[in-house]
There are 2 protein chains.
Amino acid sequence: MKIVVFGGDGFCGWPTALHLSAQGHEIVIVDNLVRRCADIELEVSSLTPISPISTRLEAWKEVSGRTIGFLNFDVAKEFDRITALFADFQPDAIVHFAEQRAAPYSMKSERHKRYTVSNNVEATHNVLCAIVESGRDIHVVHLGTMGVYGYGGGAAIPEGYLNIEVMSAEGRRVSREILYPADPGSVYHMTKTLDQLIFYYYNKNDRVRVTDLHQGVVWGTNTKETNSDPRLINRFDYDGDYGTVLNRFLMQAAVGYPLTVHGKGGQTRAFIHIQDTVRCVELALLNPPKRGARVQIFNQMTETHRVGELANIVSKLTGAKIQNLPNPRNEAPENDLIVEAKSLVELGLKPTRLESGLLREVVEVAERYADRCDRRRIPCTSVWRQDIDLSVGAKGGE
Amino acid sequence: MKIVVFGGDGFCGWPTALHLSAQGHEIVIVDNLVRRCADIELEVSSLTPISPISTRLEAWKEVSGRTIGFLNFDVAKEFDRITALFADFQPDAIVHFAEQRAAPYSMKSERHKRYTVSNNVEATHNVLCAIVESGRDIHVVHLGTMGVYGYGGGAAIPEGYLNIEVMSAEGRRVSREILYPADPGSVYHMTKTLDQLIFYYYNKNDRVRVTDLHQGVVWGTNTKETNSDPRLINRFDYDGDYGTVLNRFLMQAAVGYPLTVHGKGGQTRAFIHIQDTVRCVELALLNPPKRGARVQIFNQMTETHRVGELANIVSKLTGAKIQNLPNPRNEAPENDLIVEAKSLVELGLKPTRLESGLLREVVEVAERYADRCDRRRIPCTSVWRQDIDLSVGAKGGE
């Protein structure tokens, strides 16, 4: 299959591009390297020493004998480059990771909010609009998030759709299928709820085939392919903006920093290992919806945990202390979460479970690069509302 | 009240600004005059000879003794101008009309699709983001559309919200209030469904007070204030992109052009007269939601009609012939529509009904300026999908 990976230099995009290349697909990565620029802005680096993209691609050619193409351009701003690529390469499918993906980053300032909105909405819209222009039947696989549903209702989350009853014009109750209602908890999550409606519209009006993967929080750092050469190593984000909760705990344990639990840790989230992420994307590519079918939505996660529970697991495994900090987010202190996620398993996913061997592996990666950690970048400094005061609890925790 | 009218030079914005000024409010219009530029692009003019904005404002000062401020900038692109305005003028409320508002225009090409998305999403987001930055409690009144709901389901449309049942994590059925599900029928309508989620989020996270007016198709051209001096005259759009259905029929009758019904005319739409539009906006401004309350959504329409029915009414009134053309839109050939619209009436709206006197008045305006009509601009040339062929029925109709 010919596949374009938009955002193929990022934390999920890079291992996905390698995995798909290893499976024999012909891959072109499009990336403007903006994620690396965000590191410069935030004065932080990936804990793992990632190579420049050209070194990555050379190493992959040496290791695998396979070539991955690369184009540096901005999907949100350079529409004509997308249409030219579709005409030249004639892809069968695209994988769309080209979005700003950190909720805390999206909340840092008005500039970060506005960048996240314009980048994410225009990237998604450009990709769909370019597919329509191309006249080709290109399957879109998009990395969405479980977070579009919010965590307020303690709800059981189905795979994308819900049947409800509405009143007809004649006053009868009639059944109708709707997108499961959105309830975004940050500007970043809001952009993903906007994506859903853009997919809905282009699927309805232009019959674009779309699979939207509503992913949980990713943990782990390497996959089979990124482990095959040091120059292929994947990102490991540990900072308060881009670091995700379980990876942050594992890194904190490795460098002797207390595990930072925001609030009481009652938040339940869905999780997935990075190795399963790349496998899920492959399964989605191999199983597109039929032409004319609705947007296919899969919940891409393998288990749910409370944040505080995870801290306890990591603490037991490593002996690290736990520190409760004020929660910068505007969210319920605790929530339940039940997620229906049968589809990807039915398509062949063998879930990688959270177990001490794999957790230990991540700690070992973090220990190996512990001297690269800048401890000043560990705290989360973004706040969801100006009346949230991060200093109160920090004092309390001292 | 101090009010900023974003998009205050347009078809709804201009009469609204005058009406609010006449009621004694202090008004600043912000507009980049892009609607006038679209006329240049489309090689068409308002049927009525509208004055330049500075002439309009001078005339209003002469007629009423009142001053309306004016700033020319792009709400979607010049964020810092918005924050500066909020700091200087310290508005109590803003009215947000600063969006590309024609569905056919939004479907003309990839460039028009992308402009509509980036302009509308960024304008709405910038306004909300600037309110949060200002720290002020500024009430947003936004012109939305009934079209966010689509016309496919033959549904009875409530005012914004619907109670549904979802499964809780414990497996119980629990009641939940959601935004009435969106089902956009064009890229333009899609942007208005995105607006809804942006309002939802900023209301939830930052407690911004918002009233979203889901308006029907506007007809009529002048209001009490725009009639008070020829230099204050409002736009009258008759072209295939910006002209709305009833005004197009009335103008077509005036210039001896057959009434162009797309498809069989079975589409039911909601309608409102421009005089009621300005009154509804005023009522919304006078009745903001309480701080902390959800987004207030009003259906802003006074009656529903089938398009074919309207053509028959205008034909009987004027003797004009009816011509059925292929429908450029991707929509059901007919639909029912029942709209709940009590709120604005309860707040004091006295609905202006479709009656022959008022219809005749619009025909008279059109007759007065009939020599300004370029008949080549009457047909709608935008198509919703490349496989819709406008030439087929046009031939059949000749």
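Values below: all heavy atoms of this structure, side chains included; hydrogens, waters and symmetry mates excluded. Numbered from 1 within each chain, the chains take letters A, B, ... in sequence-line order.
- There is no contact between Leu179(A) and chain B, counting heavy-atom distances below 4.5 Å.
- Rounding to the nearest 0.5 Å places CZ of Arg207(B) at 4.0 Å from CZ of Arg385(A).
- Note on Glu122(A), Arg172(A), His125(A): by heavy-atom pairs under 4.5 Å with chain B, the leading option is His125(A).
- Leu128(B) CG to Arg114(A) CZ: the interatomic distance, rounded to the nearest 0.5 Å, is 13.0 Å.
- Tyr201(B) contributes atom OH, which lies 7.5 Å from atom CG of Asn330(A) (distance to the nearest 0.5 angstrom).
- In this structure, Lys113(B) NZ and Phe79(A) CZ are separated by 8.5 Å, a value rounded to the nearest 0.5 Å.
- Contact annotation: the side chain of Ile164(A) approaches that of Pro181(B) to within less than 4.5 Å [non-hydrogen atoms, C-beta and beyond].
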message = Under the criterion side-chain contact (heavy atoms from CB on, under 4.5 Å), I'd like the reasoning laid out for Val166(A) against Tyr149(B): C-alpha separation, chi angles, the key distance, then a yes or no.
response = CA-CA 12 Å; Val166(A) 296; Tyr149(B) 305 126; over 6 Å; no
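- Your options are Gly185(B), Pro158(B), Gly171(B), and the one with the most heavy-atom pairs under 4.5 Å with chain A is Gly185(B).
- Looking at Arg111(B) and Asp80(A), no side-chain N of the basic residue comes within less than 4.0 Å of a carboxylate O on the acidic one, giving no salt bridge.
- Contacts of Leu197(A) with chain B are made by both backbone and side-chain atoms, with heavy-atom separations under 4.5 Å.
- Nearest heavy atoms, Asp206(A) versus Trp384(B): OD1-O, 4.1 Å.
- Contact annotation for Ile198(B): both backbone and side-chain heavy atoms come within less than 4.5 Å of a heavy atom of chain A.
- Taking CD of Glu110(A) as the start and SG of Cys129(B) as the end, the distance is 5.5 Å to the nearest 0.5 Å.
- Residue-environment remark: NZ (Lys264(B)) stays at or below the threshold of 12 foreign heavy atoms within 6.0 Å.
- Taking CG of Leu194(B) as the start and CE of Met190(A) as the end, the distance is 9.5 Å to the nearest 0.5 Å.
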ask   = Step by step, would you call Tyr180(B) with Ile178(A) a side-chain contact (heavy atoms from CB on, under 4.5 Å)?
value = CA-CA 10 Å; Tyr180(B) 194 86; Ile178(A) 64 168; over 6 Å; no
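- Most heavy-atom pairs under 4.5 Å with chain A, from the set Thr191(B), Thr268(B), Ile338(B), Leu162(B): that is Ile338(B).
- Interface residue Val132(B): only side-chain heavy atoms are found under 4.5 Å from chain A.
- A side-chain donor-acceptor contact under 3.5 Å links Tyr200(A) and Asp183(B).
- Within 6.0 Å of atom CD in Glu170(A), more than 12 heavy atoms from other residues, nucleotides or ligands are found, so the atom counts as buried in its surroundings.
- Contact annotation: the side chain of Asn205(B) never approaches that of Ser186(A) to less than 4.5 Å [non-hydrogen atoms, C-beta and beyond].
- The greatest number of non-hydrogen atom pairs below 4.5 Å with chain A, out of Asn126(B), Leu337(B), Val339(B), Ile157(B), is found for Asn126(B).
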